[in-house]
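For reference, the structure is listed below as structure tokens.
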Number of protein chains: 2
Amino acid sequence: MLTSSQRQLLRVISEAGPLSRTEMASMLGLSKAAMSGIARDLIDLGVLHETETVYGQGRPSILLDLHPECAFFVGISLLEDPAPMILSDLNGRIIARQAMPLSRDPKVIAEAITEGLPRLLEAHPEAGEKLSGIGVALSGFVDETQANCVQSTLLNWQDVPLARIIRERSGVETFIENDAKAVAVSEKLFGSAREIQNFSVVSLGDGIGCAHFIEGKLYRGNHGGAGEIAHCTIESGGVPCRCGKRGCLDTVASMKAIKEMSRAEGLECTSLSDIEEKASTGNAAAIRILHRAGSALGLAIANLIQMNDPGLILITHVEGSFDGLFGTVLNQAVETNVLPRYAGQTPIRIKRVDGDVWARGAASIAAHNFLIGPNSN
Amino acid sequence: MLTSSQRQLLRVISEAGPLSRTEMASMLGLSKAAMSGIARDLIDLGVLHETETVYGQGRPSILLDLHPECAFFVGISLLEDPAPMILSDLNGRIIARQAMPLSRDPKVIAEAITEGLPRLLEAHPEAGEKLSGIGVALSGFVDETQANCVQSTLLNWQDVPLARIIRERSGVETFIENDAKAVAVSEKLFGSAREIQNFSVVSLGDGIGCAHFIEGKLYRGNHGGAGEIAHCTIESGGVPCRCGKRGCLDTVASMKAIKEMSRAEGLECTSLSDIEEKASTGNAAAIRILHRAGSALGLAIANLIQMNDPGLILITHVEGSFDGLFGTVLNQAVETNVLPRYAGQTPIRIKRVDGDVWARGAASIAAHNFLIGPNSN
DNA sequence: ACACTAAGTTCAGAAAATGAACAAATCAAC
DNA sequence: GTTGATTTGTTCATTTTCTGAACTTAGTGT
């Protein structure tokens, strides 16, 4: 078990990257003397290691960084069938990859994971020894202990203590998380938002997910529902949504909605690129659909900016590119719906992600618990 | 200067009210032994005092609470002319009240405050000795040090280090804050949100303000703009707003907008009650205006709920009552625009406030800095 | 070779928290 | 009433954690 200071240090390093002992001391507000001991202990534990030596005036400083191979994590995405299962190190690098059949029965899932583990680890004995946790990403609401799924429409669950079930069956520490929140954590830990304290991730796929980091911590809200941007009303009195209300962002801007609208217009569409291409050749219906979707998402993001003033909006997407009409309209809509004083002040970063997002996000939940721990302070 | 543990304790008491030493120990995760010393020190300092004795099985426990007269604060609102100036204790009770001329010149403001202080304190010598800070509420953006006004349209300011100017002139520790954020802090410290960790305050007046508390702390966002709900686009392509864009919530639901719309329809309207009364007698224009305003504010609040999932929405207002059409429509709009699963799950509390809100809010900023301190942890 | 600079270590001592024993104040039961 | 159970709060020796100051180390600049 790590001490509170050790945890704080790991957090700082995971945010700010390799640091010298002196820098660490000043960032944590500790003396060099205290830092010296803390660093020694963590090096002895194999969690930190000395990397680069930086020469300046005076004695050169030695940067310390997390040892990427000090711990390994398994991440599983329950969003696809078969469910991908990956093995990752502390840098988020994927070391092994596999799949397992998806099920709605928690016990069957736990069984499949337990069976899959040895195969995932077989080429990496050192990872097996240092396996520090399993993370599971799913579509639904997860409680703040990252142990229970409060509700999942997709899996038809209600108060399922999935983490405990997997932990008991597999013998490995397990945490679960909502899909969008898991992606946000992986961006904070491994990705392009490491040093940013306040940011929101919007994940655009068949559905639209969103999660907020506030003051360096994932914010899940009072019922675990923070970030449910997909069901913000964007078009008053719009088309009915599967959630029961009307005009949700999800009915206009999700890839599922875009595909459905395209099909309704007689356009073949399996990805964003498809319809972007048609729009670029002047197809009126395609242009209309992209316009509607882009401005809806842009408005939602503008509202998010107005509401929370994040330091970064990170849009992750799997399909096609954002260089076309959709992206242009989206950016325009953000600019015109944000206080002019703020226009352009909130960076919006587009990130194309591969099919491993969810599984990597899941692994990052385990990594986060290893590094920072469940206890807040 | 208080230690970190002492600060943590004050925070817990300010949230949870009177507690026994044993309860405090378990809440802070400390031993009874450690708690004993911390409590003794704070009692010696005059910050805590023993209140009620609670009898149960075993030795009765003695509840400790903040001593309301251990420190006094001055709060000034720069939102009105003349600017109200109040003296408050640690419970938010207003002890003395006064006014000073408003100015746009920071030095003149500092001068007026310094001149006003002795008169405010003259009947309360003990408050003068224990005066622990001045808080100033203003309309505009304030940086995270609560010292500089980054920008204020109303006062025509840009990067004004108001807190330093007042502190230097008056010799009293001074902090400034945005109006809506100050109200949120006063509700957290003195009001009806003491024990709630995640909540948002929506203040309805001539303008619409909003501020979020997240994980027990005021969240100001990356540029101090968190909560700028007033300029969320609610009616796409709606009427132009003074901010430069169109269809902002402020153009439809602020009291200023309601009054203007009423006048445009030839209705006399100086307060919400006026127009509510006309609506209740069947005046179509009045009904239309209230409907539009109520559903706009309801939609904005619904979006806020979807986005941040707060544990409470507190709507503060000065004028009239919320029992009429406006309140009904507002509630309806919230319900229909929130995920059905969440409908009714987020309590919305309406609170009628008097003319002292802003000044009391300002004082609470000083009180907050006294209790919890500027340093986060 | 010489000062100069800054990083990191060592070590005695201060500060803060713990655990265990104990004193204090009540209730409950006989 | 007296006794025992029960829980609060204190005391004190000990442990843990951090600090300050002196010191060592490994470079740069002249």
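So that the names make sense, note that chain A is the first sequence line, chain B the second, and so on, each numbered from 1.
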Please write out the pairs of protein N or O atoms and N or O atoms of nucleotides 28-30 of chain D separated by less than 3.5 Å, giving the distance to one decimal.
none

Residues pairing under salt bridge (Lys or Arg N to Asp or Glu O under 4.0 Å) where one sits in residues 160-169 of chain B, two or more places apart or in two chains, turn out to be B:Glu111-B:Arg169, B:Arg164-B:Glu168, B:Arg167-B:Glu173

Options [options], nucleotide nearest the side-chain atoms of [X]:
X       : options                : answer
B:Ser31 : D:dT24, D:dC18, C:dA17 : C:dA17
A:Arg59 : D:dT25, C:dA17, C:dA24 : D:dT25
B:Ala34 : D:dC18, C:dA17, D:dT25 : C:dA17

In short, ring pair (Phe, Tyr, Trp, His ring centres under 6.0 Å) pairs touching residues 19-42 of chain B with sequence neighbours left out are none

Atom pair distance, as rounded to whole Å: [atom1] in [X] and [atom2] in [N]:
X       : N      : atom1 : atom2 : answer
B:Leu64 : D:dG9  : CG    : C1'   : 11 Å
B:Ile62 : D:dT8  : CD1   : P     : 12 Å
B:Gln6  : C:dA15 : CD    : C1'   : 12 Å
A:Glu52 : C:dA7  : CD    : P     : 15 Å
B:Leu9  : C:dA17 : CG    : C1'   : 15 Å
B:Leu30 : D:dT10 : CG    : P     : 15 Å
B:Glu50 : D:dT8  : CD    : P     : 15 Å

Does the side chain of [X] reach to within under 4.5 Å of the side chain of [Y], using non-hydrogen atoms?
X        : Y        : result
A:Val150 : A:Asp159 : yes
B:Leu28  : B:Val12  : yes
B:Leu9   : B:Leu30  : no
A:Ser61  : A:Thr22  : no

Contacts of B:Met35 and A:Pro60 projected onto DNA chain C by closest heavy atom; the upstream (5') one is A:Pro60

Residues passing the salt bridge (Lys or Arg N to Asp or Glu O under 4.0 Å) test with A:Glu144, sequence neighbours excluded, are none

| request: List in chain and number order the residues that pass salt bridge (Lys or Arg N to Asp or Glu O under 4.0 Å) with B:Glu50, two or more places apart in sequence or in another chain; answer none if no residue qualifies. | output: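 Per chain and number, B:Glu50 pairs via salt bridge (Lys or Arg N to Asp or Glu O under 4.0 Å) with B:Arg21.
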
Nucleotides 10-14 of chain C: which of its N/O atoms have a protein N/O under 3.5 Å away?
{"from": "C:dT10", "atom 1": "OP2", "to": "A:Arg40", "atom 2": "NH2", "distance (Å)": "3.3"}

Could you work out, with side-chain hydrogen bond (donor to acceptor under 3.5 Å, both in side chains) as the rule, every residue matching B:Glu23, not counting sequence neighbours?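 In terms of side-chain hydrogen bond (donor to acceptor under 3.5 Å, both in side chains), with neighbours along the sequence ignored, B:Glu23 is linked to B:Ser20.
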
Across all chains, not counting sequence neighbours, the side-chain hydrogen bond (donor to acceptor under 3.5 Å, both in side chains) partners of A:Asp65 are none

Specify the residues of residues 16-26 of chain B, ordered by number, for which at least one heavy atom lies under 4.0 angstrom from an atom of DNA chain D.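 By residue number: B:Ser20, B:Arg21, B:Thr22.
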
Residue set satisfying side chain to side chain contact (heavy atoms under 4.5 Å, CB included) with B:Asn148, at least two apart, ordered chain then number -> B:Asp143, B:Thr145, B:Pro161

Protein-nucleotides 13-17 of chain D N/O pairs closer than 3.5 Å?
none

Checklist line | Check: B:Ala226 main-chain N/O paired with B:Lys181 side-chain donor or acceptor under 3.5 Å | finding: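 Such a contact is found between B:Lys181 side chain and B:Ala226 backbone.
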
Parallel, tilted or perpendicular for B:His49 and B:His67, by the 30°/60° rule?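 B:His49 vs B:His67 ring planes: perpendicular.
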
Distance-only donor-acceptor pairs under 3.5 Å for side chains of residues 183-196 of chain A, two or more places apart:
{"from": "A:Ser186", "atom 1": "OG", "to": "A:Val183", "atom 2": "O", "distance (Å)": "3.0"}
{"from": "A:Glu187", "atom 1": "OE1", "to": "A:Ser192", "atom 2": "N", "distance (Å)": "3.1"}
{"from": "A:Glu187", "atom 1": "OE1", "to": "A:Ser192", "atom 2": "OG", "distance (Å)": "3.1"}
{"from": "A:Glu187", "atom 1": "OE1", "to": "A:Lys351", "atom 2": "NZ", "distance (Å)": "2.9"}
{"from": "A:Glu187", "atom 1": "OE2", "to": "A:Lys351", "atom 2": "NZ", "distance (Å)": "3.0"}
{"from": "A:Lys188", "atom 1": "NZ", "to": "A:Glu15", "atom 2": "OE2", "distance (Å)": "3.4"}
{"from": "A:Lys188", "atom 1": "NZ", "to": "A:Arg194", "atom 2": "O", "distance (Å)": "2.9"}
{"from": "A:Lys188", "atom 1": "NZ", "to": "A:Ile196", "atom 2": "O", "distance (Å)": "2.9"}
{"from": "A:Arg194", "atom 1": "NE", "to": "A:Ser14", "atom 2": "O", "distance (Å)": "3.0"}
{"from": "A:Arg194", "atom 1": "NH2", "to": "A:Ile13", "atom 2": "O", "distance (Å)": "3.4"}
{"from": "A:Arg194", "atom 1": "NH2", "to": "A:Ser14", "atom 2": "O", "distance (Å)": "3.2"}

